[in-house]
There are 2 protein chains.
Amino acid sequence: MSDPHTDKKMPYHHGDLRAALLAAAEVEIAEHGVEGFSLRQVARRAGVSHAAPAHHFGDANGLLTALAADGYRQFLAAQAEREAAADPAPRAQLVAAGLGYVDFALTRPALFRLLFGSERTDYADPDLSMAANAAYQHLADQVVAAGGRDSADAAAVWAMAHGLADLMAAGRLKTIISLEPSARDATIAAIVGRALPPA
Amino acid sequence: MSDPHTDKKMPYHHGDLRAALLAAAEVEIAEHGVEGFSLRQVARRAGVSHAAPAHHFGDANGLLTALAADGYRQFLAAQAEREAAADPAPRAQLVAAGLGYVDFALTRPALFRLLFGSERTDYADPDLSMAANAAYQHLADQVVAAGGRDSADAAAVWAMAHGLADLMAAGRLKTIISLEPSARDATIAAIVGRALPPA
DNA sequence: GGGGCAATCTTTTCGCTGTCAAGATATTTT
DNA sequence: AAAATATCTTGACAGCGAAAAGATTGCCCC
């Protein structure tokens, strides 16, 4: 009845199947988790045969890799959004980036787990590699701008933001999650601030 | 030829199949990752039919849940080992726990990911729930012993240790991983120390 | 504008997986 | 010893990812 190709609306060529598959994949991992990801289910959601994704992404891991690359760019965007709304002083900018880090993990936990907790993404892929490096570089730059010295400073800030984000995305640290937004931001900002020694 | 039941050595009843399956499962996730986990492969490794695990664990997630519960106990043991070798002062004990946290993540990264990064473990299971709570409680107790006040102090210490462990288990923070053991410990200890405000 | 070429998508097939149901074997209980 | 129970095997089923082969379409060049 409602088979994609019995209604005449559906052309043989999709038009922008690649983007449609990426969008469908993000919805799928949001609903079923990264470990419940199914390539055939994604194809079904996009209204296309189960073998269609292969041409655009090779295999299932290829699709997840492309999704992760996009994810890193959105990850950076989430930090940039916080930074734009914050005091331009270097240290405030660094803390804002940390808030954006956590924002992303809480807003799109499945995507966050794909970026940092999945073994199915291929970092030999240039696009993913670039995107991931850009995300790290942004943080490292802000640490030096804020007065960081050794690489331990960057590691500390990264670890603190990541630890908060990962634990909260997993539903732990409920005492912080259940805070109202403004109090929550203040708490997170204070904690992230501990990672960097005072100027 | 080498079928389990053509050699007469193999009795119909295994003896301690439950423990054997758990051991096989840990080797499997260490070799193929949590996302590459296969129940049939675990059964094969234990020399048993593919449906044998069901009786002991229900389904695949049940096995992973039981493995995670054991994992949390070993996780606590790794921290206790570091604590036993450290200065008994509360703050030194807390830092030692952090070192044990990272030790565990680096020594058994697959198991660590099962504990903190998998959606296939069922925390409604009483055994897993108890084990996980015990791990958290141990950390929280040490934070108050070391002079922690609000729950933000516990969150900060947890997040810092967890962030370091998770990133390093994923192969990031290479500048720290590549340090020689003593220097690495010192660096990690210094970073964890930042999470708790000075007494 | 028409012919051919390449890209895109479908269909079919394969081995592997997790789960369930039914049967076989051993252990424990009565 | 008989019966009940626990443990393990066998067989079946649908869903999965991947590969091969076929159908359809858009595009480029003559």
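Naming convention: chains lettered A, B, ... in sequence-line order (proteins, then strands); numbering from 1 in each chain.
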Pairing residues for A:S49 by the side chain to side chain contact (heavy atoms under 4.5 Å, CB included) criterion, not counting sequence neighbours = A:A51, A:A52

inquiry  = At a heavy-atom distance below 4.0 Å, what parts of residues 27-36 of chain A sit against DNA chain D?
reply    = none

query = Listed by chain and number, what are the side chain to side chain donor-acceptor pair (under 3.5 Å) partners of A:R113, not counting sequence neighbours?
reply = none

key: With B:P90 via side chain to side chain contact (heavy atoms under 4.5 Å, CB included) - residues at least two apart   = B:A145, B:A146

request  = Using five pairs at either end of the helix from C:dG1-D:dC30 to C:dT30-D:dA1, determine the angle between the two local helix axes and round it to 10 degrees.
outcome  = 10°

message = Checking B:Y136 now: which residues fulfil side chain to side chain donor-acceptor pair (under 3.5 Å) with it, not counting sequence neighbours?
response = none

inquiry  = Which residues pass the ring pair (Phe, Tyr, Trp, His ring centres under 6.0 Å) test with A:F57, not counting sequence neighbours?
reply    = none

query = What string of B, S and - do you get for nucleotides 13-18 of chain D 5' to 3' if you count protein non-hydrogen atoms under 4.0 Å?
reply = ---BBB

key: Sequence neighbours excluded - side chain to side chain donor-acceptor pair (under 3.5 Å) pairs with any residue from residues 147-156 of chain B   = A:R194-B:D153

key: Summary of side chain to side chain donor-acceptor pair (under 3.5 Å) pairs that have at least one residue in residues 96-105 of chain A, sequence neighbours excluded   = A:R82-A:D103, A:Y101-A:W158, A:Y101-A:H162

task = Calculate the interatomic distance between B:F57 atom CZ and C:dG18 atom C1'; express it in whole Å.
result = 16 Å

inquiry  = In this structure, how many angstroms lie between the P atom of C:dA26 and the CG atom of B:L17, rounded?
reply    = 16 Å

Residues forming a ring pair (Phe, Tyr, Trp, His ring centres under 6.0 Å) with B:F37, sequence neighbours excluded = none

task = List for me each residue that meets salt bridge (charged side-chain N to carboxylate O under 4.0 Å, His left out) alongside B:E31, sequence neighbours excluded, and say none if there are none.
result = B:R45

